[in-house]
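Down below is the structure, laid out as C-alpha cells.
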Amino acid sequence: MKPNKLKNNNGTYLYRDEGFNTFSIQLNFLASPDNRSAAILDVLSIYLLQCNQIYKTDDDISLRSRELYDMSINFTTKWNGKQKLFSLVADLISMDVIHDDYSKEAFEFIRDILEKPNFENEKMLEVSKRKLLSYIDLNLADYDQYAETLYTQTVLPVENMKYDYSVDKKYLEELVNSITLEDIKSEYENLIGNFINGLVLGNINEEQFNEFVKCINLTPTKCELDYSMDVKTSEGNIEIEKDCEQSYIFITYDFTELTNAELRILEWMLNSSIGLCYHTLREKYGLVYGAYANILFHQKKLYIYGETNISKKEKFIEAVDEIIKDLNNREIVEKYMAQAKEEIANDEYSLSESKKRLFRIINNRILQVYGNQDRDIVNKEIEDMKPEELMNKTKVLTKKNIFMVRSKSNE
Amino acid sequence: MNRFKKIILNNGIPLYLCVDPTMKKVFVSYNLKYGSSGKWFVFNNNGIDYHVITGYAHYLEHLLGEHSKFGDMYRNFDKRFQSANAYTAMNETSYHFNGKDNIEKSLEELIVAIDTPVFNQKDVDATRHAIEEEAASYVDNTSYNLYGLLERNLYNGFELLDKTLSPIGNRETTKQITIDGLYDCYNAFYSNNKKYIIIGGNVDEKRIVDFLNNIYSKITPHNSNLILPEQDFDSIRSKSEIINGDLDIPKVGLGMKFKKNNSVSLRELYYVLYLIRNNLLESNELRDLEKKGVYDVVDFSYITLVNDYIDYCFGFVSKEKDTLISSILDLLSKRNISEKDYELAKKGLIATELRSMENKYNHLKNFPHSISLTEDYSECDFYQSIDYNRFMKIVSSLDFSNYTVGEVKKLKR
C-alpha cells in the first residue's frame, strides 16, 4: 500500500479498490476521556440509532437502512492512549456493482443519523440504557470474556479506561441509570465539534466520494492525538476462583521500549501459526488448544494468555518461561526473524484482497499504532533488523505477575 | 459474477473450479461429506456393525493433517507462505489452504496426506491433549450449550448431538477415542464417493486437471461398502429442557425443524426460511417485545441442514420465557409478509451474498456448508428467480409445530 494511493478531501481519505462489492465509511471524532463520559458515550452510541429528528423511531431507521440495500451503520468507541475516539462506521453495497445510484439517499441518511439527533425521547433513552446493560451482561456471561475484562482492569488499569463494570454490577447499574438526556446531548455536542478525520474504502468512485464529503460537510479540528498512557500495574500474583471448567491464565511482562518494526517481528514470532505460543504451548506440551501473546505497545507490556486445565497450571507457567527464554536464543531468533521478514513482505502483496484487513491497516497508519511513522520506513527497518537488536530488547523482559481466573477443581 | 465449472476427475472425484484472473492467490480445499453429526455414529462397513461415540470426525481432522506422512502438513504450508487450516462441521470436513507460490506441491501433499493416513498410537495420544483442551473450552459457553440442547432435542430417532451437547464431545469422551475406532471411521467415511475438491484463482484449467489426475493415478482408490441404518428424523426428543449455567439473566432458546416435500426443494425451503428469519429479526413486532422487556438481547439465530430437514434455532436473553416463546411462535406462524417486505428482505439477502463474495477466499472456504443445497458459486440469480407468489405458496405450506424450547439458567445444586 502506497500512501499516494490515498486521496484526501477536507480530512477524509479515499482508498479506492474496484475489486470490492462494497465500500465502508468511518468518521472519527475525539471524545472526552473521563470515566463517566465513557458510559455516556456507550449509551449515546445506542441512542443515536433509536430515534432522530427525521426518523422518529428505530423502526423507521431500520426500514430506511433496509431500503438502502441493508446498509449497516453503527457507532463505536476506541481508546487511543489518553484519548477516546468515537466513530461512525457504515458499510454500503457499491452503486457500480448493483447498477443503482442510490448514493444521494445513502449519504443523506448517514448525515441525518449523525447530525439530526433528537435528544428529547426519554423512552428511547431508557431502552438504550437497558440495552447497554444487557450487552455488557451478555459479554461477561462467558468466563473467557470475564477473565479478560477483569485482567485488563486489575492488572493493566489505564486511568479512566472503562467504567468498572465487571467488578461491581451495582456500581455499573447506578452509573448507567444516572445518565440523562442532557448528559448525552452535551457529550454529543462536544464530540461533533471535534471531527478528526474520515476514511472511505472500497468500490466507490471519486465523484461519489466527493459527493459524500460535501454531504457530511465536516471540517477537521487541528488536534494532536496523544498516544501516551499511564499504567499502574498491580504487583503480585492474583487468583480468582470461579465455578468454571477451564482456567484462564495471563502472564504479564514489562519491557522498556520497542520500535514499530520490533513490535511487528515480535508479534509474528509469538503469534503466527508456527509461532512460539502455538509451538510450545500446544504442539510441544499439549497444554492448550489456543494461546496468544498480546503486546501493548503504548503500555510497554507483553502478556501471554492461555486456557487450560488447572492441573496443568505449573506446566503452563514453565512453558511460558521457556517461550521468553527462546526469545533470547540466537538460533531461534535468527530462524524466526528470517521467516517473519519474508512473511511480512509477502503480506503486503495480499493487502488488496481483504477489505477488513486493509481498513485496519490504513486506519492504524493514520490513527493508531504507527502514529506519525510512515509504513514504508517501518518496513525498511524490518528488512534491516539484526537478531541482536531484538534480543537486546527481549532480554530485559521482566515477569510482572500471573493473573488467573481458575476453576475450583483440585490440583 | 464468478461461476464454478464442475469437472469429474478420472477417479470420479468432482472438482469445482473457479478460474478468476483477479485473484492474486490460489485457494484449494479438499472436502468430505462427513462430519460431526450423530447420524454417522452407527454404521455398517464391509458387513461389520459399528457404533462409535461423538468426536471421531473432528479427531480425524486433527490427525490426518497434523500427523501425515509429511509430518505436520500445515507447517509445510506455512513454510511456503500459505495460509492453511481445517474444520469439521456437522455435515462436512474441509482441509484448505491458499497461497501464491508452490501451489501444486501443497496440493499434492494435501491429497496424499488425506488419502494415505499413517497415524499411530503415539500420534493419537499427542493429539488428545489439544482436543481435550479444545473440548473443555466450550463447557462454560452458555450460548453454545443452548444451541446444542436445541439441536439435540429436535431429534429423537438418533443422537444428532450426544449428551455433551457438543459436536466434538468433552474431556471424558475425548479420552475414550481409540486408534481402532479412528481407522474404522476413516475406512468407512473417507471414501472417494464422499470427496470433492474446490480450487479458485488464476489457474490454467487443463494443467490443474492433468495434475490432479496424475496425483490420483498414483494413489489406490478408496472405496467403502458403507451402509447407514434407517433413522427416524421426524420425532422430537423433548419439547422442553432446562440446563444449568452461571447466568444472572437466563438464556432462552427456540428450535424448530422443517421438512422438504415433493413440491418444495431443499434449496427453496432454505431460502424461504432464511428470509422469514431475517424478516422476523428486522420486524417492528420483535423490537416491541424488546421494548416491553420480554427479552433483552437476541443471542443467536442459526439455520442448519440435517438431511431433508432445515433447523431453525433462536437464542435470547430473557426472563420471560413463556411470553417470549408464545410471541415468537405467533409472529412466525402468522407469516403475513407483504410484497414490499418480501422485496426488501430479498434485497437484503442479495446484499449479504455480495458481501460474502467480496472475500473470495472466505466465500470458497465456506462453500462446503451449502453444497447440499446448491453447486452454484453465487445464489443471487436464484434469489431473483423466486417471485412473491412462489414465496408465499411455500410460506403457507410451512408447519411451525415441530419445536423444542431450551433454557440455560442457574439451577440449585
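Chain naming here is simple, since letters A, B, ... match the order of the sequence lines and numbering starts at 1 in each. Hydrogens, waters and symmetry mates play no part in the numbers below; they use all other heavy atoms, side chains included.
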Exercise. Answer with side chain, backbone, both or neither: which region of Ser72(A) has an atom nearer than 4.5 Å to a non-hydrogen atom of chain B?
Key: backbone

Practice problem: Please flag which part of Asn362(B) lies under 4.5 Å from any non-hydrogen atom of chain A: side chain, backbone, both or neither. | Solution: neither

Quiz item: Does any heavy atom of chain A fall under 4.5 Å from the side chain of Asp248(B), the backbone, both, or neither of them?
Solution: side chain

Self-check item: Contact leader toward chain B among Lys312(A), Lys242(A), Glu126(A), where contacts are heavy-atom pairs under 4.5 Å
Solution: Lys312(A)

Quiz item: Which answer fits Met71(A), side chain, backbone, both or neither, if we ask what part of it has an atom under 4.5 Å from a heavy atom of chain B?
Solution: backbone

Quiz prompt | Test side chain to side chain contact (heavy atoms under 4.5 Å, CB included) applied to Leu354(B) and Ile98(A), Asp70(A), Thr22(A), the passing residue | solution = Ile98(A)

Quiz item: What residue in Asp341(B), Thr142(B), Leu344(B) has the most heavy-atom pairs under 4.5 Å with chain A?
Solution: Leu344(B)

Quiz item: So do His279(A) and Arg75(B) actually touch side chain to side chain, heavy atoms under 4.5 Å?
Solution: yes

Practice problem: Under the side-chain contact (heavy atoms from CB on, under 4.5 Å) rule, what do Glu67(A) and Lys340(B) come out as? Steps first, then yes or no, please. | Solution: CA-CA 10 Å; Glu67(A) 286 168 350; Lys340(B) 188 187 168 202; 4.1 Å; yes

Self-check item: Contact summary for His129(B) and Gly286(A), nearest pair of heavy atoms
Solution: CB-O, 3.2 Å

Quiz item: So, the side chain of Glu358(B) versus the backbone of Asn21(A): is there a donor-acceptor pair under 3.5 Å, distance only?
Solution: yes

Exercise. Can you establish whether the number of heavy atoms outside Lys123(A) located under 6.0 Å from its atom NZ is more than 12?
Key: no

Exercise. Report yes if some heavy atom in the side chain of Glu290(B) is under 4.5 Å from a heavy atom in the side chain of Lys131(A); otherwise report no.
Key: yes

Exercise. Quick one: closest heavy-atom pair of Tyr289(A) and Glu133(B), and the distance?
Key: N-CB, 3.5 Å

Quiz item: With only heavy atoms counted, which part of Asp144(A) is less than 4.5 Å from chain B, the side chain, the backbone, both or neither?
Solution: neither

Quiz prompt | Residue selection (most heavy-atom pairs with chain B, distance under 4.5 Å) from Gly19(A), Gly290(A), Ser272(A), Ser62(A) | solution = Ser62(A)

Quiz item: What option among Lys79(B), Glu132(B), Glu343(B), His62(B) has the most heavy-atom pairs under 4.5 Å with chain A?
Solution: His62(B)

Quiz prompt | Residue Tyr295(B) versus chain A: region with a heavy atom under 4.5 Å | solution = backbone

Quiz item: Which distance, rounded to the nearest 0.5 Å, do you find between the CZ of Phe20(A) and the CG of Asn359(B)?
Solution: 9.0 Å

Quiz item: Is there a side-chain contact between Ile93(A) and Arg355(B), using heavy atoms and a 4.5 Å cut-off?
Solution: yes

Quiz item: So does Lys291(B) have more than 12 non-hydrogen atoms from other groups sitting under 6.0 Å from NZ?
Solution: yes

Practice problem: Name the region of Glu283(A), side chain, backbone, both or neither, that has any atom closer than 4.5 Å to a heavy atom of chain B. | Solution: side chain

Exercise. Could you check which of Ala135(B), Ala136(B), Ala351(B), Gly348(B) has the highest count of heavy-atom pairs closer than 4.5 Å to chain A?
Key: Ala136(B)

Self-check item: Ile249(B) CD1 to Leu133(A) CG distance, which is reported to the nearest 0.5 Å
Solution: 8.5 Å

Quiz item: Between the side chains of Asp246(B) and Tyr143(A), does any donor sit under 3.5 Å from an acceptor?
Solution: yes

Practice problem: Could you give me the CA-CA distance, side-chain angles and deciding distance for Asn284(B) and Thr57(A), then say whether side-chain contact (heavy atoms from CB on, under 4.5 Å) is met? | Solution: CA-CA 10 Å; Asn284(B) 301 352; Thr57(A) 67; over 6 Å; no

Practice problem: Would you name the heavy atoms of Ala130(B) and Arg282(A) that are closest together and state the gap between them? | Solution: CB-NE, 3.7 Å

Quiz item: Is there a side-chain contact between Asp142(A) and Asp140(B), using heavy atoms and a 4.5 Å cut-off?
Solution: no

Exercise. Check whether any side-chain heavy atom of Arg66(A) lies under 4.5 Å from a side-chain heavy atom of Asn279(B), and answer yes or no.
Key: yes

Quiz prompt | Partner chain B: residue of Val97(A), Leu63(A), Thr308(A), Asp58(A) with the largest heavy-atom pair count (under 4.5 Å) | solution = Asp58(A)

Self-check item: Engaged part of Val127(A) at the chain B interface, taking heavy atoms whose separation is under 4.5 Å
Solution: side chain

Exercise. Taking the side chain as every heavy atom from C-beta outward, state whether Glu18(A) and Thr22(B) have any atom pair closer than 4.5 Å.
Key: no

Quiz item: Taking side chain as C-beta onward, heavy atoms only, is Ser134(A) less than 4.5 Å from Val297(B)?
Solution: yes

Quiz item: side chain to side chain donor-acceptor pair (under 3.5 Å) between Gln246(A) and Arg171(B): does it pass, once the steps are laid out?
Solution: CA-CA 11 Å; Gln246(A) 290 288 81; Arg171(B) 216 181 265 283; 2.7 Å; yes

